Amino acid sequence: MNMNIKIRNTLAEITGASVAMIWMWYKLTEASIMTIESISKVLAQGIGISIIIIIALTIVINIFSSIITGNYEKNIEDERDKLYELYALQLSSAIFGISIVIILVLLGWFNLTINTGLIAITFSGFIASIASLFLKMYLYK
């Protein structure tokens, strides 16, 4: 029973991040001619959208689940949960760290534009987060 709420919350996080990435992708179709200010606004809005969707989905899914099952599940954490969180954090940090190094190399030696670099850094953060969330789902199953 405890696993179900964790998997539901993780699915909400994956969905929120994915929707935000797709939204940002469509808003950034003309990134090559956009100013850094307009790109930054889209990226900041995307991060905000992700947070709002995650919160809303978590609430709605858990309310819906409580109505269907007829009982309320508490999100209880134990040592295993902390270990899974640590594994997910390590994976996320590794992916994001490697991405930052690659982006900096591309910026410094291969003339990647700063606009593209900013977009790549933001998307690599989202991708690292999604990868760590999938790892948590795998560990919880």
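Small disclaimer: the values here were computed from a predicted structure and weren't measured.
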| Okay, side chain of Ser50, backbone of Gly46: is any donor-acceptor separation there less than 3.5 Å? | no
The reported gap from NZ in Lys27 to NZ in Lys41 (rounded to nearest 0.5 angstrom) is 12.5 Å
CG (Leu11) and CG (Leu133) are apart, to the nearest 0.5 Å, by 9.5 Å
Between Phe123 and Trp25 the two heavy atoms that sit nearest each other are CZ-N, 4.0 Å
- Message: If we ignore hydrogens and angles and just use 3.5 Å, is the side chain of Ser65 paired with the main-chain N or O of Ile61 as donor and acceptor?
- Response: no
Margin query: Take a 6.0 Å sphere around OH of Tyr87 and say whether it holds more than 12 heavy atoms from other residues, nucleotides or ligands.
Written below: no
Tightest non-hydrogen contact, residues Gly16 and Leu57, listed as N-CD1, 4.5 Å
Report whether Ile49 and Ile55 are members of the same hydrophobic cluster (ILVMFWY, side-chain heavy atoms less than 4.5 Å apart, transitive linking). yes
(message) Let me check something: do Ile7 and Leu139 share a hydrophobic cluster, defined by ILVMFWY side-chain heavy atoms less than 4.5 Å apart, either directly or through other members?
(response) yes
Interatomic distance, CG@Leu28 vs OG1@Thr122, rounded to 0.5 Å, equals 9.0 Å
What one should report as the nearest heavy-atom pair of Ala12 and Ile54 is O-CG1, 3.8 Å
Please tell me whether Ile33 and Ile39 are part of a single hydrophobic cluster in this structure, the criterion being side-chain heavy atoms less than 4.5 Å apart. no
Between Trp23 and Val42 the two heavy atoms that sit nearest each other are CZ3-O, 3.5 Å
When rounded to the nearest 0.5 Å, the distance separating CZ of Arg8 from OH of Tyr140 is 13.0 Å
Rounding to 0.5 Å, atoms CG (Leu43) and CD1 (Ile121) come to a distance of 10.0 Å
Please answer: with hydrophobic residues joined when any side-chain heavy atoms are less than 4.5 Å apart, are Val19 and Phe134 in the same cluster?
-> yes
Checklist line | Student check: side-chain heavy atoms of Tyr84 and Leu135 closer than 4.5 Å | finding: no
- Message: Taking Met21 as the starting point, is it possible to reach Ile52 by hopping between hydrophobic residues whose side chains are less than 4.5 Å apart?
- Response: no
Under 3.5 Å, sequence neighbours excluded: what are the donor-acceptor pairs made by side chains of residues 88-108?
residue, atom, partner, partner atom, Å
Ser93, OG, Leu89, O, 2.9
Ser99, OG, Ile95, O, 2.8

To the nearest 0.5 Å, atom CE of Met24 lies from atom OG1 of Thr29 at 13.5 Å
